[in-house]
Every structure is written in structure tokens, then in C-alpha cells.
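Take a look at the structure below.
Just the heavy atoms: all of them, side chains too, but no hydrogens, waters or symmetry mates, feed the values below. Chain identifiers are assigned alphabetically (A, B, ...) following the order of the sequence lines, protein sequences preceding nucleic acid strands; residue numbering begins at 1 within each chain.
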Amino acid sequence: MFNKRTKIKALMALEPSEQTITVMGWVRSFRNNQFIALNDGSTNNNLQVVVALGLLDDATLRRITTGASLKVIGELVPSLGKGQKLELKATSLEVLGDSDAEKYPLQPKKHSLEFLREIAHLRFRTNTFGSVFRLRHSLAFAVHQFFNEKGFIYLHTPIITSSDAEGAGEMFRVTTLPFDATPRNDNNSINFKEDFFGKSTNLTVSGQLEGELGAMAFSEIYTFGPTFRAENSNTARHLAEFWMIEPEMAFHDIEDNMNLAEEFIQYLIRYAMAHNMEDLEFLDARLAEEEKQKPQNERAEMGLIEKLKLVVDNQFERITYTEAIQILLDSPHYKKKKFKYDVSWGIDMQSEHERYLVEKHFKKPVIVTGYPAAIKAFYMRLNDGCEPGKETVAAMDILAPGIGEIVGGSQREERLEKLEARMTAMHIPLEEMSWYLDTRRFGSVPHAGFGLGFERMVQFVTGMTNIRDVIAFARTPKNCEF
RNA sequence: UCCUCCUUAGCUCAGUUGGUUAGAGCAUCUGACUGUUAAUCAGAGGGUCGUCUGUUCAAGUCAGACAGGGGGAGCCA
């Protein structure tokens with residue numbers, strides 16, 4: 001019975017007719033005891049339901065409040081009013097679920113994003129979050145479609161891991177040991193042999209190392225799943241629980257890796273523009289409104305859709321780390337001593353440096369390659385022919401305007417001796433990583449991969465400035481509601 | 001973790017050099033109106049001023065601690 005309803009998005013595309021249509025949704029507003037703005041989440045456009053005077057008794061009318069759910073049967077007719085083409089002339093109306101107007105927190109007015117974060121379970125019912133989460137869905141779907149079209153295998157890497165060698169960040173411990181009576185060894189250290197897995201385990205910070213195992217058999221794989229970092233990061237672009245996409249490709253070098261990452265990002269944006277233009281237009285207008293509140297010199301130079309078009313229509317700028325440092329050193333900004341942190345070859349670039357390159361110098365996404373080995377992870381491939389003391393690795397970061405690092409990747413070190421030497425130098429126990437080193441012992445091949453923070457991608461496409469507003473229920477330090 | 005700003009009605013905010021009964025708009029409720037579009041008009045209710053401790057005859061206002069939030073930084077995706 002229920003599935004006979006018509007979704008409002010589909011209904012909006014229909015021609016008015018005498019045919020009887022059933023809709024269901026939630027009341028956004030009820031004006032004049034006659035006009036209901038009904039929304040079912042399929043689109044931000046509300047359906048105007050018209051209740052003729054006398055159709056309903058007073059008791060039922062009083063139950064049509066903001067947030068209440070309704071089943072309405074009626075005829076789709078051309079609207080007499082000016083705000084919409086179509087409206088549903090109700091012939092019967094049933095309140096499925098009441099919503100106490102005195103207690104329902106959402107009102108037909110603007111709410112602050114901070115307030116909506118506190119009622120994250122209801123914020124999906126607002127236009128902004130409706131658009132954001134429909135886009136998030138589309139982007140997730142596009143991720144799978146992109147890799148599927150290319151013949152990549154979707155590999156599910158583990159959430160619970162005993163490997164703690166990625167060095168990507170602080171980890172969340174997973175244990176069933178009692179807090180008040182932890183079993184101890186003779187030297188008073190915790191005896192993890194008593195723990196559920198018989199060893200110390202954590203939530204994963206990255207599926208990359210396991211992903212490499214898959215690439216060594218399937219040629220090309222990708223992972224797309226939650227990752228966890230217990231860093232005490234309190235910023236608008238960090239979460240303790242976030243989703244990451246990590247493709248890993250055999251027979252790819254750093255150049256192939258960059259090409260794929262660029263093509264991937266452009267594909268996702270194109271997909272969103274092709275399938276969610278209405279939502280993008282809403283967010284574009286929302287952002288423009290927000291920009292107006294800011295002082296002139298802080299306003300973004302481009303609108304949301306304009307920015308997305310620019311990224312899709314232009315190649316990303318590609319420069320080496322060495323060139324990036326030179327650009328910074330030559331910049332008027334540097335000469336006027338406007339950087340807080342000094343610039344020299346070998347530094348790990350600060351946000352201000354990356355922002356300068358992306359937002360001031362190139363004004364589009366930038367791929368930086370060839371970072372100093374000293375500031376990068378053990379698995380990145382050492383470049384050949386480096387000046388001693390200036391060793392670099394085949395790493396690449398994609399920096400996006402407004403977001404910063406959106407992709408981090410590298411060609412992996414496939415040469416066993418070089419990898420072992422690097423791991424030893426970085427105090428990574430070889431025995432524990434034996435399974436990883438097996439890939440280099442048995443049929444090692446040049447391979448590469450990257451990680452893309454899904455929420456940062458959603459931020460980039462939606463223009464939402466706080467990452468907490470692009471994930472349904474944000475996990476951040478001191479905050480784990482719902 | 002550091003710097004900085006903020007916390008007053010359901011929401012968004014105002015609140016003067018510390019002073020007696022803390023205000024507005026929206027929302028809610030009551031009534032009017034009935035083709036509205038953030039409907040309109042009239043009226044009403046709604047407050048432990050984040051928490052604690054101090055200073056003072058007197059604290060929303062000053063000081064300290066704590067908690068929560070925003071922005072920035074670090075760490076990173």
C-alpha cells in the first residue's frame with residue numbers, strides 16, 4: 001500500500017492531470033489553514049498541498065503542524081498561486097505522525113549551523129542538509145561507478161587491525177579487557193594474550209597496506225570505508241571517524257597515479273553536476289548569501305558552481321616540491337615577511353604555504369610531487385639520482401582551494417632492500433610487517449596509490465566550510481552524540 | 001594541545017560607567033482574516049543570564065576556575 005505513493009521529485013516532472021496521486025512526507029509549513037508545504041526528502045522543492053476550506057474538521061487541521069508526517073491523496077493541478085507550477089488539491093488527508101509544535105525545534109526560518117549540529121538527528125529535514133546529504137550519496141555512488149568502469153576490485157580492508165606501523169596518527173584501542181583488573185605480565189605491562197584477539201588491536205587509520213596486498217593480485221583495487229584517528233584535532237577539516245577512498249594500482253608509476261587522481265576528482269564533480277544540479281544551485285545561493293555577511297576582503301572570488309566548473313575544465317597545476325619552495329621564496333608575500341613560518345628546502349609546508357600556492361599563486365588545484373624523504377612515510381619510493389642529503393620520494397599531494405590537502409599518495413617502494421633499509425632507519429619492526437614485505441619478496445612490481453578524504457571531497461563540492469556538516473553524525477574530540 | 005572570541009527566552013540577538021521590574025524579532029498559544037509563498041493583523045505566555053567560587057551595600061555586567069561552542073594554528077585526509 002505505502003509503496004504506491006509518488007515521490008515529490010518525480011511528481012514535479014509530471015503534467016497536471018485529473019489522476020489521483022498519493023504523496024507522503026513531512027510538513028515544512030502550514031499557511032492560512034489551507035496551504036501545506038510538504039517535503040519527502042527527494043528534493044528541496046516542497047509540494048504545495050491545498051486543503052479546501054471545510055474538507056477537514058478543526059481537530060485534524062490543528063494536527064497539521066511543522067514536522068508532522070502526512071499521507072495525502074489528491075489531484076495534481078496547475079497552481080493558482082505564483083510560487084509554483086503545480087499543486088496537489090487534497091481529497092483526503094491523514095496525519096501519520098503528530099509533531100508537537102511547542103517542542104519541535106525546527107522552525108520555518110534560518111537556523112545557525114552550530115545549533116543544527118546539536119540536533120543532527122533532525123537537521124536532515126532542512127534544505128541545506130537535504131542538499132548536502134543527497135550530494136554525499138551521489139558522490140559515494142560515483143566513487144564506485146568510476147572504479148567499477150575501470151575494472152578496479154572493491155576490497156574491504158579490516159576495521160580492526162593489529163598493525164600499528166602506518167604511523168598515520170594516534171589510534172583508538174580495541175579491547176575487551178576489564179579496566180579495573182587488567183591482566184599483567186611479570187614486568188607489570190598489560191598482558192594482551194588475555195585480550196579478545198590475543199594481541200593488542202586498534203581501529204584502522206588506513207587500509208593502504210592491506211590494499212597493496214590486493215593490488216599484487218588483482219592489479220587494481222580500491223577501498224572505501226571508515227577510518228579512525230584519535231588525534232586531538234579541533235579544526236573545521238578533521239574528524240576522529242571519517243571515510244577514505246584508497247585506490248592501489250600495480251604497474252602504475254607516480255605519473256599514472258597523478259593522472260588517475262586528477263581524472264577521479266573531475267569525474268566525481270562532473271557526476272554531481274549532472275545528477276544534483278538543483279542541490280548545487282541551492283548550496284551556491286546559500287554560500288553567496290553567507291559570503292555577503294563577510295567583509296569584502298575575506299569574500300571568496302568565485303561562486304560554488306563557478307569553482308567546480310573551473311576544476312572540471314582545467315588541468316591541475318603540477319609542480320615539484322623544489323619548485324613549490326622556490327615559488328614561495330620568490331613570492332612578494334615571503335619578501336614582505338608575511339609568512340609566520342620560514343621557508344627553506346626540507347620544511348614540511350605549513351597550511352599558510354599551501355594556501356598561498358593554491359589560492360593566491362595558481363588559483364586552482366595543485367599537485368605537488370617529489371617531497372623530501374625525511375618528511376614522508378616509509379613506504380614511499382625513493383627517487384633515483386638524488387643529491388646526497390636531498391633525497392626525495394615519489395610522493396604527491398593534491399591541494400585544493402579552501403580545503404588544503406585533499407589527496408595524499410605516492411609510488412610505493414617496490415625494491416625489497418631499499419624498503420627494508422628505510423624501515424630499519426625509521427624503527428619499524430620488520431618481523432611484524434613480514435606479511436607486507438612478502439609482496440616485495442614474491443613478484444614485486446612498481447605500484448602506486450593514493451588516499452582521498454571523502455568528507456573533504458564532499459566539503460569541496462558542497463562548499464560547506466565545516467567538516468562536521470558533511471557527515472551525518474560527526475565524531476570529534478569530546479563529542480560523540482547519537 | 002596552543003592562541004583567540006563566544007555562552008542572556010525554543011531560535012537569532014540587544015542589554016550603557018555594576019543599581020531596583022532583563023528587552024526585541026522570529027517561533028509557540030489565543031483570536032481575526034482566508035490563494036498563501038519567511039502570509040498578515042491584534043493580544044498572551046515564556047528567563048536559575050553556561051556552572052562554581054570570589055570582589056561589592058548591590059553582579060547578566062568585574063575577577064578566577066571549570067565546562068561547552070566558534071574561528072585560527074599544530075597533526076593530517
Exercise for the section: Return the nucleotide paired to B:C62: Watson-Crick means purine N1 to pyrimidine N3 with N6-O4 or O6-N4, wobble means G-U with N1-O2 and O6-N3, both under 3.5 Å. Expected result: B:G54
Practice task
Identify whether any heavy atom of A:H238 sits under 4.0 Å from a base atom; if not, whether one sits that close to sugar-phosphate; answer base, sugar-phosphate or nothing.
Solution key: base
Practice task
Return no unless some side-chain N or O of A:Q350 is found under 4.0 Å from OP1 or OP2 of B:G74.
Solution key: yes
Problem - Whole angstrom value for the distance that separates P of B:G71 from CG of A:N234 - result: 11 Å
Completion exercise
Partner of B:U48 under the Watson-Crick or G-U wobble criteria, both distances under 3.5 Å, comes out as none
Problem - B:U40 OP1/OP2 closer than 4.0 Å to side-chain N/O of A:R31 - result: no
Completion exercise
Checking B:G74, B:G72, B:C11 against the side chain of A:F115 (C-beta onward), the nearest is B:C11
Exercise for the section: Rounded to the nearest angstrom, tell me the gap between atom NZ in A:K103 and atom P in B:C29. Expected result: 12 Å
Exercise for the section: Give the rounded distance in Å between these two atoms: CG of A:L116 and C1' of B:G10. Expected result: 13 Å
Handout entry: Rounded P spacing from B:G60 to B:G69 in Å
Key = 26 Å
Problem - A:Y341 side chain, from C-beta outward: closest of B:U12, B:U36, B:A73 - result: B:A73
Exercise for the section: Determine the Euclidean distance between corresponding P atoms of B:A22 and B:A59; express it in Å to zero decimal places. Expected result: 14 Å
Exercise for the section: Run the salt-bridge test on A:R412 and A:E248 with the 4.0 Å N-O cut-off and return the result as yes or no. Expected result: yes
Exercise for the section: For B:C62 versus B:A73, give the span between their P atoms, rounded off to a whole number of Å. Expected result: 30 Å
Practice task
Could you work out the separation of B:A27 and B:G74 based on their C1' atoms and round it to a whole Å?
Solution key: 42 Å
Exercise for the section: Determine the Euclidean distance between corresponding P atoms of B:U53 and B:U17; express it in Å to zero decimal places. Expected result: 28 Å
Exercise for the section: Identify whether any heavy atom of A:I406 sits under 4.0 Å from a base atom; if not, whether one sits that close to sugar-phosphate; answer base, sugar-phosphate or nothing. Expected result: sugar-phosphate
Practice task
Starting at atom CG of A:L106, determine the distance to atom P of B:U28, rounded to an integer number of angstrom.
Solution key: 12 Å
Handout entry: Closest listed nucleotide, where the reference is the side chain of A:D348 and the choices are B:G71, B:C76, B:U36
Key = B:C76
Practice task
Identify the nucleotide, in any strand shown, that forms a Watson-Crick or G-U wobble pair with B:G43, with both distances under 3.5 Å; if there is none, say none.
Solution key: B:C29
Completion exercise
A:N44 atom CG is separated from B:U37 atom C1', nearest whole Å, by 16 Å
Handout entry: Whole-Å gap separating P (B:G68) and CG (A:N479)
Key = 10 Å
Problem - Rounded C1' spacing from B:C52 to B:A42 in Å - result: 45 Å
Exercise for the section: Tell me what A:R468 touches on the nucleic acid: a base, only sugar-phosphate, or nothing, going by heavy atoms under 4.0 Å. Expected result: sugar-phosphate
Exercise for the section: Look at all strands and tell whether A:Q48 reaches a base, only sugar-phosphate, or nothing, counting heavy atoms closer than 4.0 Å. Expected result: base
Handout entry: Whole-Å gap separating C1' (B:G50) and NZ (A:K478)
Key = 18 Å
Practice task
With a 3.5 angstrom cut-off on both distances, give the Watson-Crick or G-U wobble partner of B:U16, or none if there isn't one.
Solution key: none
Practice task
Return the nearest nucleotide to the side chain of A:T235; candidates are B:G71, B:U1, B:A73.
Solution key: B:A73
Exercise for the section: Answer yes or no: are there more than 12 heavy-atom neighbours, outside A:F473 itself, under 6.0 Å from its atom CZ? Expected result: yes
Exercise for the section: Spell out yes or no: do the side chain of A:E352 and the base of B:G74 have one donor N/O and one acceptor N/O closer than 3.5 Å? Expected result: no
Practice task
Return yes if a side-chain donor-acceptor contact under 3.5 Å exists between A:H447 and A:Q411, otherwise no.
Solution key: no
Practice task
Would you confirm whether the ring centroid of A:F133 sits within less than 6.0 angstrom of the ring centroid of A:F124?
Solution key: yes
Problem - Among A:R286, A:R136, A:R117, the one residue meeting salt bridge (charged side-chain N to carboxylate O under 4.0 Å, His left out) with A:D469 - result: A:R117
Problem - N or O in side chain of A:R237 less than 4.0 angstrom from B:A73 OP1/OP2 - result: yes
Exercise for the section: Check every strand shown and say whether A:T66 touches a base, only sugar-phosphate, or nothing at a heavy-atom separation below 4.0 Å. Expected result: nothing
Problem - Given B:A27, B:U37, B:G35, the nucleotide with the shortest approach to the side chain of A:Q107 - result: B:A27
Handout entry: A:Q145 atom CD, over 12 foreign heavy atoms within 6.0 Å
Key = yes
Fill in the blank from the handout: Scanning all shown strands, the Watson-Crick or wobble mate of B:A67 with both distances under 3.5 Å is B:U7
Exercise for the section: Examine B:C76: is either OP1 or OP2 under 4.0 Å from a nitrogen or oxygen in the side chain of A:S233? Give yes or no. Expected result: no
Problem - Greater than 12 external heavy atoms within 6.0 Å of A:K364's NZ - result: yes
Exercise for the section: For residues A:L11 and A:L76, report the shortest heavy-atom separation together with the two atoms involved. Expected result: CD2-CD1, 3.6 Å
Problem - Between B:C6 and B:U40 - C1' atom distance, rounded Å - result: 36 Å
Problem - Who pairs with B:U1 - Watson-Crick or G-U, where each distance is under 3.5 Å - result: B:A73
Handout entry: Sugar-phosphate only, base, or nothing, as touched by A:F228 at under 4.0 Å among non-hydrogen atoms
Key = nothing
Fill in the blank from the handout: Between NZ of A:K340 and P of B:C2 the distance, given in whole Å, is 14 Å
Practice task
Taking the side chain as every heavy atom from C-beta outward, state whether A:N202 and A:I160 have any atom pair closer than 4.5 Å.
Solution key: no
Handout entry: Toward the 5' end of RNA chain B, by each residue's nearest nucleotide, A:E405 or A:E114
Key = A:E114
Handout entry: Touch class at under 4.0 angstrom, heavy-atom based, for A:E241 against every strand present
Key = nothing
Fill in the blank from the handout: Contacts of A:S351 and A:L239 projected onto RNA chain B by closest heavy atom; the upstream (5') one is A:S351
Exercise for the section: For B:G15 and B:G70, measure between their C1' atoms and round to the nearest Å. Expected result: 22 Å
